Amino acid sequence: MIDKGSEDIKPTEGKSLNFLETIIEEDIRKGKNDGRVHTRFPPEPNGYLHIGHAKSICLNFGLADKYNGKCNLRFDDTNPTKEEQEYVNSIMEDVRWLGFDWEDRLFYASDYFDQLYEWAIKLIKDGKAYVDDQPADLISEQRGVPTRPGIESPFRKRSIEENLELFERMKKGEFPDASKVLRAKIDMASPNMHMRDPVLYRILHSNHHRTGDKWCVYPMYDFAHGQSDYLEGITHSICTLEFEIHRPLYDWFLDNLIESEYRPRQHEFARLNLSYTVMSKRKLLELVKDKYVTGWDDPRMPTISGLRRRGYTPESIRNFADRVGVAKRENVIDVGLLEFSIREHLNLISPRIFAVLDPLKVIITNYPEGKTEELNLENNPEDPNGGNRIVPFSREVYIERDDFMEDPPNKFFRLGPGREVRLKGAYVIKCEDVKKDENGNIIELHCTYDPTTKSGSGDQRKVKGTLHWVSVNHAVDAEVRLYDRLFSKEFPDELENENDDFKNNLNPDSLQVITGKIEPSVKNAKHPDHFQFQRLGYFCVDPDSIPDKLVFNRTVSLKDTWAKMNK
RNA sequence: UGCCCGAUGGUGUAACUGGCAACACGUCUGACUCUGAAUCAGAAGAGUCCAGGUUCGACCCCUGGUCGGGCAACCA
């Protein structure tokens with residue numbers, strides 16, 4: 001992003017602008033903030049990032065990139081009772097993994113605690129803030145309800161001197177938690193609840209992950225966010241819709257604190273929702289804490305770390321974020337779009353291999369015993385530089401159990417008694433006999449092969465079906481974790497009644513662990529290698545995997561027209 | 001009875017300063033195929049929440065409704 005000149009602003013050729021781009025381009029045209037574009041991604045380090053945050057990250061960093069600006073990473077760490085270093089670390093890892101770089105602009109709201117404290121004093125001195133001794137429930141009661149004005153606190157008209165002294169003592173830790181707060185003096189009758197003398201500072205004798213025990217009072221979000229934006233020179237402060245109502249307060253603080261012309265401006269967009277999952281941090285935390293999943297990075301979680309472990313790539317997530325768009329209306333994105341995005345990318349980059357997940361043994365009766373052929377197969381037809389690999393073929397192979405039917409319908413293009421199929425990369429085989437155990441279960445198939453049909457030999461015979469397979473004597477066992485959607489309901493937040501719980505909508509079959517038979521070329525595969533298990537889906541090596549015991553996660557299945565036909 | 005926001009095919013987003021609605025996913029056909037994948041070709045699907053108004057002409061502007069979401073933590 002680099003070339004300077006008149007093309008600094010990448011013009012949006014043909015493609016239409018989203019509403020934020022429209023605003024930004026207009027601001028630039030008008031020369032607002034000297035045409036600067038400076039955004040920020042401001043997570044609270046109280047949990048792991050999820051796909052919704054990914055949208056915000058792509059938006060903020062993407063806008064900065066598009067308009068030759070900068071984007072800061074800023075931790076909104078004003079509440080030490082909820083925030084932890086572990087979360088800070090995971091967030092930085094996730095943002096980086098997604099492919100974004102905040103360069104030297106890593107900030108914390110806690111960097112500004114001194115300045116914020118000074119600003120609070122200024123407000124007191126200006127008669128615009130006061131210390132309230134009332135308990136939280138009383139304050140809340142006096143605040144009224146949206147349809148009725150609140151009433152003023154009896155402490156509202158404390159003298160400036162007394163306020164100054166009390167606030168100083170609050171800071172020094174002379175009062176217990178929750179015994180006093182500092183409030184702005186705005187308007188208890190405002191139709192906007194947030195303007196009814198909002199709390200600026202509360203007393204919290206709590207160790208902060210960065211400032212330790214230095215502070216006994218901590219600023220509220222509203223008193224920290226806009227000022228932090230201001231201090232960092234943010235021009236466009238992009239947040240989600242629920243903060244829209246906060247904007248007058250955001251502006252009020254700046255207008256009452258700052259002399260200069262420059263102002264950051266808050267803009268709100270609709271957060272991302274995804275079908276078949278939940279997105280609230282509280283609910284995700286609950287799933288982790290109560291062990292419904294193995295952790296924040298459980299591959300079923302919509303967290304960035306979960307998606308990463310599941311086998312999603314940064315590219316696929318960025319493309320997804322691009323495709324969902326940005327607007328101000330509530331939305332629920334079909335999880336199918338996410339799945340499309342990852343298939344699209346993995347199709348391009350994943351080596352193809354053979355893996356049989358539900359094995360049925362096939363004995364090729366006319367194939368020489370003890371013989372092994374080393375077949376040279378293409379890794380990825382989509383990638384000319386993908387190279388080749390050797391796959392051993394022998395007299396006994398496994399095929400997928402549901403690739404055989406004893407009494408198949410016409411549309412079944414696979415193996416059945418007397419039918420022929422091609423073993424991909426090898427030969428055409430014909431099913432001659434079906435062996436069963438005493439209970440009638442099919443235990444193996446006896447087939448014959450046609451030696452003239454070897455792949456690549458120029459044989460022209462067409463058969464309807466092509467199956468993947470693995471040589472029995474060469475197969476490698478691997479644990480395969482088959483993941484499915486975490487919830488069985490499209491909108492898991494939608495409850496039947498008051499006693500219902502979103503956890504009742506969990507999909508009991510979201511994880512199935514099996515042992516699969518995999519071709520030997522993957523023996524040395526390691527995390528985070530991606531593969532396409534041919535005809536099955538995309539899989540990646542899990543971090544749990546060790547050389548003697550491979551573990552694969554199913555990222556997403558291949559589109560399956562056959563399965564759909566049978567619905 | 002308050003304030004703020006929103007409303008376009010199944011889903012999500014477009015439609016330049018007003019000129020009868022486009023793209024993506026999904027769905028359905030068909031072609032191709034040594035992955036029932038991918039790819040390719042095509043189709044169906046909304047008349048833009050409703051009612052008025054302005055205009056030669058409105059998704060777009062105005063008025064009034066309806067519906068949906070948000071706002072009453074010492075959370076962010």
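The chains referred to below are lettered A, B, ... by the order of the sequence lines, with proteins before strands, and numbering in each begins at 1. None of these values were measured; they are calculated from a predicted model.
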*Asks:* Mind checking A/Asp177 for me? I need base, sugar-phosphate or nothing, with any heavy atom below 4.0 Å counting as a touch.
*Replies:* nothing
*Asks:* Check whether any side-chain nitrogen or oxygen of A/Arg329 sits under 4.0 Å from OP1 or OP2 of B/rG12, and answer yes or no.
*Replies:*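 No, because none of the side-chain N or O atoms of A/Arg329 sits under 4.0 Å from OP1 or OP2 of B/rG12.
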*Asks:* Whole-Å distance between B/rA76 P and A/Tyr108 OH?
*Replies:*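 Atom OH in A/Tyr108 sits about 17 Å away from atom P in B/rA76.
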*Asks:* Classify the nucleic acid contact of A/Pro149 as base, sugar-phosphate or nothing, counting any heavy atom under 4.0 Å across all strands shown.
*Replies:* nothing
*Asks:* Base, sugar-phosphate alone, or nothing: which one does A/Val324 contact when heavy atoms must sit under 4.0 Å apart?
*Replies:*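 If one applies the 4.0 Å heavy-atom cut-off, A/Val324 turns out to touch the sugar-phosphate alone, with no base involved.
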*Asks:* Answer with base, sugar-phosphate or nothing: what part of the nucleic acid does A/Val199 contact at a heavy-atom distance below 4.0 Å?
*Replies:*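 Sugar-phosphate contact only.
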*Asks:* Does a side-chain N or O of A/Ser140 approach OP1 or OP2 of B/rA73 to a distance below 4.0 Å, or not?
*Replies:*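 Checking B/rA73 against A/Ser140, a side-chain N or O does come within under 4.0 Å of OP1 or OP2.
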*Asks:* Under a 3.5 Å limit for both distances, which nucleotide forms a Watson-Crick or G-U wobble pair with B/rU63, could you say?
*Replies:* B/rA51
*Asks:* Over all strands shown, is A/Glu268 touching base, sugar-phosphate only, or nothing at heavy-atom distances under 4.0 angstrom?
*Replies:* nothing
*Asks:* Report, one pair per line, the protein and nucleotides 21-26 of chain B atoms (nitrogen or oxygen only) whose separation is under 3.5 Å.
*Replies:*
none

*Asks:* Without decimals, in angstroms, what is the distance between A/Leu348 CG and B/rA37 P?
*Replies:*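 After rounding, the reported distance stands at 17 Å.
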*Asks:* Categorize A/Pro135 for me: base, sugar-phosphate, or nothing, with a 4.0 angstrom heavy-atom threshold over every strand shown.
*Replies:* base
*Asks:* With rounding to whole Å, what would you report as the distance between B/rG53 and B/rG42 at their C1' atoms?
*Replies:* 43 Å
*Asks:* Looking only at the side chain of A/Lys82 (C-beta and beyond, no hydrogens), which of the listed nucleotides B/rC75, B/rA38, B/rC74 gets closest?
*Replies:* B/rC75
*Asks:* Should the pair A/Lys180-A/Asp132 be classified as a salt bridge under the 4.0 Å nitrogen-to-oxygen rule?
*Replies:* no
*Asks:* Closest to the A/Met220 side chain: B/rA37, B/rA72, B/rA73?
*Replies:* B/rA73
*Asks:* Could you please name the option among B/rC34, B/rA76, B/rC5 that lies closest to any side-chain atom of A/Arg422?
*Replies:* B/rC34
*Asks:* By nearest nucleotide on RNA chain B, pick out whichever of A/Val463 and A/Gly325 is the more 5' one.
*Replies:* A/Gly325
*Asks:* Check whether any side-chain nitrogen or oxygen of A/Thr147 sits under 4.0 Å from OP1 or OP2 of B/rA72, and answer yes or no.
*Replies:* no
*Asks:* Side chain of A/Glu242 only, heavy atoms from C-beta on: which candidate in B/rA76, B/rA37, B/rG36 is closest?
*Replies:*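 Nearest to the side chain of A/Glu242 among the choices is B/rA76.
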*Asks:* Identify whether any heavy atom of A/His194 sits under 4.0 Å from a base atom; if not, whether one sits that close to sugar-phosphate; answer base, sugar-phosphate or nothing.
*Replies:*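 Touches sugar-phosphate only.
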*Asks:* Of the candidate nucleotides B/rG12, B/rC3, B/rC34, which contains the atom at the shortest distance from the side chain of A/Lys424?
*Replies:*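 For A/Lys424, the side-chain atoms sit closest to B/rC34.
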*Asks:* When the distance from CD of A/Glu378 to C1' of B/rU35 is rounded to whole Å, what number comes out?
*Replies:*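 A/Glu378 atom CD is separated from B/rU35 atom C1' by 12 Å.
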*Asks:* Output yes when A/Glu378 and A/Arg352 qualify as a salt bridge under the 4.0 Å nitrogen-oxygen rule, no when they do not.
*Replies:*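 A salt bridge is absent here (no side-chain N lies under 4.0 Å from a carboxylate O).
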*Asks:* Using modelled atom types only, decide if a donor and an acceptor are shared between the side chain of A/Glu400 and the backbone of A/Asp358 within a distance under 3.5 Å.
*Replies:*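 Here the side-chain-to-backbone pair exists.
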*Asks:* When you get a sec, tell me which of B/rU35, B/rA37, B/rG69 is the closest nucleotide to the side chain of A/Arg352?
*Replies:* B/rU35
*Asks:* Check each of A/Ile203, A/Leu116, A/Thr211, A/Asp77 against A/Tyr218 using the side-chain contact (heavy atoms from CB on, under 4.5 Å) test, and report the only one that passes.
*Replies:*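 So, applying the side-chain contact (heavy atoms from CB on, under 4.5 Å) to A/Tyr218 and each of A/Ile203, A/Leu116, A/Thr211, A/Asp77, only A/Thr211 qualifies.
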*Asks:* Could you give the NZ-to-P distance, from A/Lys55 to B/rG12, as a whole number of Å?
*Replies:*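 After rounding, the reported distance stands at 11 Å.
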*Asks:* Give me the distance, rounded to whole Å, that separates B/rC67 from B/rU8 when you measure between the C1' atoms they each carry.
*Replies:* 16 Å
*Asks:* Between B/rA46 and B/rC32, how far apart are the two C1' atoms, rounded to whole Å?
*Replies:* 33 Å
*Asks:* Using the C1' atoms only, state how far B/rG45 lies from B/rA21, rounded to an integer number of Å.
*Replies:* 13 Å
*Asks:* Does the distance from a Lys or Arg side-chain N to an Asp or Glu carboxylate O, for A/Arg265 and A/Asp251, drop under 4.0 Å?
*Replies:* no
*Asks:* Pick the P atom in B/rU48 and in B/rG19, then give their distance to the nearest Å.
*Replies:* 16 Å
*Asks:* Let's see if you can work this out: which of B/rA38, B/rC74, B/rG36 has an atom nearest to the side-chain heavy atoms of A/Arg414?
*Replies:* B/rG36
*Asks:* Which is true for A/Asp76 with a 4.0 Å heavy-atom rule: it touches a base, it touches only sugar-phosphate, or it touches nothing?
*Replies:* sugar-phosphate
*Asks:* Which nucleotide in the list B/rA37, B/rG12, B/rA14 gets nearest to the side chain of A/Asn18?
*Replies:* B/rA14
*Asks:* Taking the C1' atom in each of B/rC34 and B/rA15, what is the distance between them to the nearest angstrom?
*Replies:* 46 Å
*Asks:* Measure the distance between the ring centre of A/Tyr221 and the centre of the six-membered base ring of B/rA76, then answer whether it is under 5.5 Å with planes under 30°.
*Replies:*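 No; by the centre-distance and plane-angle rule, A/Tyr221 does not count as stacking on B/rA76.
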*Asks:* So does A/Asp403 pair up with A/Arg535, basic N to acidic O under 4.0 Å?
*Replies:* yes
*Asks:* With a 4.0 Å cut-off, would you call A/Glu21 and A/Lys66 a salt bridge?
*Replies:* yes
*Asks:* Can you measure A/Ile139 atom CD1 to B/rC75 atom P for me and round it to whole angstrom units?
*Replies:* 11 Å
*Asks:* If you measure from the P atom in B/rG69 to the same atom in B/rG30, how many Å do you get, rounded?
*Replies:*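 About 42 Å, rounded to a whole number of Å.
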*Asks:* Under 4.0 Å, heavy atoms only, any strand: does A/Phe354 hit a base, just the sugar-phosphate, or nothing?
*Replies:* nothing
*Asks:* Under 4.0 Å between any heavy atoms, over every strand shown, what does A/Val332 touch: base, sugar-phosphate, or nothing? Just pick one.
*Replies:* sugar-phosphate
*Asks:* Identify whether any heavy atom of A/Glu400 sits under 4.0 Å from a base atom; if not, whether one sits that close to sugar-phosphate; answer base, sugar-phosphate or nothing.
*Replies:* nothing
*Asks:* Counting the atoms with a prime plus P, OP1 and OP2 as sugar-phosphate, which does A/Ile333 contact under 4.0 Å by heavy atoms, base, sugar-phosphate, or nothing?
*Replies:* sugar-phosphate
*Asks:* Do the charged groups of A/Glu373 and A/Lys454 touch, with an N to O distance under 4.0 Å?
*Replies:*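 Salt bridge flag = yes for A/Lys454 with A/Glu373.
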*Asks:* What is the base-pairing partner of B/rC71, counting Watson-Crick and G-U wobble geometry with both distances under 3.5 Å?
*Replies:*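 With both distances under 3.5 Å, B/rC71 matches B/rG2.
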*Asks:* For the residue pair A/Glu339 / A/Tyr312, report whether a side-chain donor-acceptor contact shorter than 3.5 Å exists.
*Replies:*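 Result is no, nothing qualifies.
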*Asks:* Tell me whether the side-chain N/O atoms of A/Arg247 come closer than 4.0 Å to OP1 or OP2 in B/rC3.
*Replies:* no
*Asks:* Nearest to the A/Ser455 side chain among B/rG36, B/rC34, B/rA37, which nucleotide is it?
*Replies:*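 For the A/Ser455 side chain, the nearest candidate turns out to be B/rC34.
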*Asks:* Check every strand shown and say whether A/Ser341 touches a base, only sugar-phosphate, or nothing at a heavy-atom separation below 4.0 Å.
*Replies:*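 No contact.
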*Asks:* Ignoring backbone atoms, establish whether A/Lys464 has a side-chain N or O less than 4.0 Å from OP1 or OP2 of B/rG36.
*Replies:*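 A/Lys464 to B/rG36 OP1/OP2: no side-chain N or O under 4.0 Å.
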*Asks:* Are the charged groups of A/Glu232 and A/Arg74 less than 4.0 angstrom apart, N to O?
*Replies:*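 Counted as a salt bridge, because a side-chain N and a carboxylate O are separated by less than 4.0 Å.
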*Asks:* Specify the glycosidic conformation (syn or anti) of B/rA73, with syn defined as within 90° of 0.
*Replies:* syn
*Asks:* When all nucleic acid strands are considered with a 4.0 Å heavy-atom cut-off, which category describes A/Phe243: base, sugar-phosphate, or nothing?
*Replies:*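 Base: the residue A/Phe243, judged by heavy atoms under 4.0 Å, touches a nucleobase.
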*Asks:* Using atom C1' in both nucleotides, what's the gap between B/rG18 and B/rU1 to the nearest angstrom?
*Replies:*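 Here B/rG18 and B/rU1 have their C1' atoms 37 Å from each other.
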*Asks:* Side-chain N or O of A/Arg202 versus OP1/OP2 of B/rA76: is the shortest distance under 4.0 Å?
*Replies:* yes
*Asks:* With RNA chain B as reference, determine whether A/Ala327 or A/Gln534 sits nearer its 5' end, using the nearest nucleotide of each.
*Replies:*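 Between the two, 5'-proximity favours A/Ala327.
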*Asks:* Pull up the glycosidic torsion of B/rG47 and say syn or anti, syn being anything within 90° of 0.
*Replies:* syn
*Asks:* On the ring face of A/Tyr276, is A/Lys489 found with NZ or CZ under 6.0 Å from the centre and within 45° of the axis?
*Replies:*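 No; the conditions do not both hold, so A/Lys489 does not lie above the ring face of A/Tyr276.
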*Asks:* Would you call A/Asp133 and A/Arg158 a salt bridge, using N to O less than 4.0 angstrom?
*Replies:*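 Counted as a salt bridge, because a side-chain N and a carboxylate O are separated by less than 4.0 Å.
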